[in-house]
There are 2 protein chains.
Amino acid sequence: MWIPIQIDENRPEPLYHQIETQLRGLILGEELAEGTLLPSIRELAVALKCSVITIRRVYQDLESEGLLRTRQGTGTFVAGVDAVVREGHRHERVVEAFEKAVETGLQLHCTPQEMESILRDVIARRTAGRKGEADDRASEE
Amino acid sequence: MWIPIQIDENRPEPLYHQIETQLRGLILGEELAEGTLLPSIRELAVALKCSVITIRRVYQDLESEGLLRTRQGTGTFVAGVDAVVREGHRHERVVEAFEKAVETGLQLHCTPQEMESILRDVIARRTAGRKGEADDRASEE
DNA sequence: TATACTGTGTATATCGTTATATACAGTATA
DNA sequence: TATACTGTATATAACGATATACACAGTATA
């Protein structure tokens with residue numbers, strides 16, 4: 001009943017968003033199996049040193065995305081989402097992220113080739129020195 | 001002394017940001033030549049139906065980016081930026097935009113190949129049916 | 001130097017986001 | 001059914017981003 005989520009107070013990114021992003025990653029990456037019972041909102045609130053309402057918001061947001069299923073009095077579970085649906089959901093989120101980047105690029109008169117080149121650079125820089133995980137929160141240690 | 005900037009009240013994007021983005025595009029795209037005298041903050045405020053302070057903020061932000069040069073009592077001009085510097089500036093902005101997209105992609109376990117594929121899709125969709133301008137604000141009309 | 005234009009600085013209103021406390025309601029089970 | 005756990009709803013505090021009014025200061029020029 002423990003979940004590997006790390007909060008970084010120094011980041012400008014809001015609490016609930018950090019938690020959502022990481023939890024979403026765990027679910028979509030299938031590191032949390034379908035049907036898994038998550039910690040109760042109070043339990044996780046204590047563990048992450050934040051309020052119950054913040055955790056509640058996270059669970060609620062992810063439930064409305066179809067990733068969680070909640071039953072009052074019982075708990076919150078990882079939803080059983082069809083692989084195709086889950087894949088579509090994941091894909092859609094990435095597409096939205098890239099649409100913003102492309103919008104910026106076009107406003108600045110980038111060519112498609114230039115954007116592709118920049119993408120490759122950025123990916124290379126992000127994945128260099130890492131083992132393949134999206135985790136850049138440990139500078140020292 | 002007229003500048004082709006369009007405000008869309010319906011967009012969630014804040015006023016100052018819409019103006020900044022478009023003006024930045026005009027300068028970096030060299031549609032506004034170096035040395036061009038921009039409309040006074042009061043003049044542009046009237047034209048765009050917003051407050052003087054909002055225009056002031058835009059001019060100030062772009063000045064701190066090195067794109068404008070301002071002289072109290074005289075006016076605001078397009079700065080003479082070295083081509084290399086301007087190019088670097090432009091490039092840097094696009095890189096930042098793509099870093100966010102890549103971060104999202106990695107969190108969702110995208111492979112580099114998948115991200116490249118998505119980028120091509122998004123670009124294709126954005127440039128289809130357009131003449132090459134970043135303008136999707138006219139649905140009717 | 002008077003005037004009519006430039007940009008500037010201070011102080012403030014408004015709104016949405018983030019985060020919270022606290023009281024309420026459903027569920028499991030001894 | 002008592003109790004000890006689940007999630008839920010309402011009201012609100014705190015903050016930052018956005019946008020503003022208005023009084024102030026520099027510049028050009030008749």
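Note on naming: letters A, B, ... go to the chains in the order of the sequence lines (proteins, then strands), and numbering restarts at 1 for each one.
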Contact list for DNA chain C against residues 70-77 of chain A - heavy-atom distance below 4.0 Å: A/Gln72, A/Gly73, A/Thr74

Given DNA chain C, 5'-ward residue of the pair B/Arg42 and A/Val52, judged by closest heavy atom: B/Arg42

Test item: B/Gln18 side-chain N/O and B/Asp8 main-chain N/O as donor-acceptor pair under 3.5 Å: yes

Side-chain (A/Ser117) to main-chain (A/Gln113) donor-acceptor, under 3.5 angstrom: no

Backbone N/O of B/Ile123 and side chain of B/Thr127: donor-acceptor pair under 3.5 Å: yes

Residue pair B/Tyr59 / B/Leu23, side-chain heavy-atom distance below 4.5 Å: yes

Under 4.0 Å protein heavy-atom contacts per nucleotide of nucleotides 13-19 of chain D, with B for base, S for backbone only and - for none: -----SS

Residues in side chain to side chain contact (heavy atoms under 4.5 Å, CB included) contact with A/Phe77, at least two apart in sequence or another chain: A/Leu37, A/Thr74

Boundaries of the DNA chain C segment in contact with chain B, non-hydrogen, under 4.0 Å: C/dT6 to C/dG9

Side-chain heavy atoms of A/Glu114 within contact of B/Arg90, under 4.5 Å: yes

A/Glu96/B/Lys100 salt bridge by N-O under 4.0 Å criterion: no

B/Thr36 (side chain) donor-acceptor with B/Leu32 (main chain) under 3.5 angstrom: no

Spatial distance of atom CD (A/Glu92) from atom CD (A/Glu65) [nearest 0.5 Å]: 11.5 Å

Involving DNA chain C, stems made of at least three consecutive Watson-Crick or G-U pairs, both distances under 3.5 Å: C:1-30 with D:1-30

Check ion pair B/Arg126-A/Glu99 (N to O, under 4.0 angstrom): no

From CZ (A/Arg57) to CG (A/Leu15), nearest 0.5 Å: 10.5 Å

All side chain to side chain contact (heavy atoms under 4.5 Å, CB included) counterparts of B/Glu63, not counting sequence neighbours: B/Leu68, B/Thr70

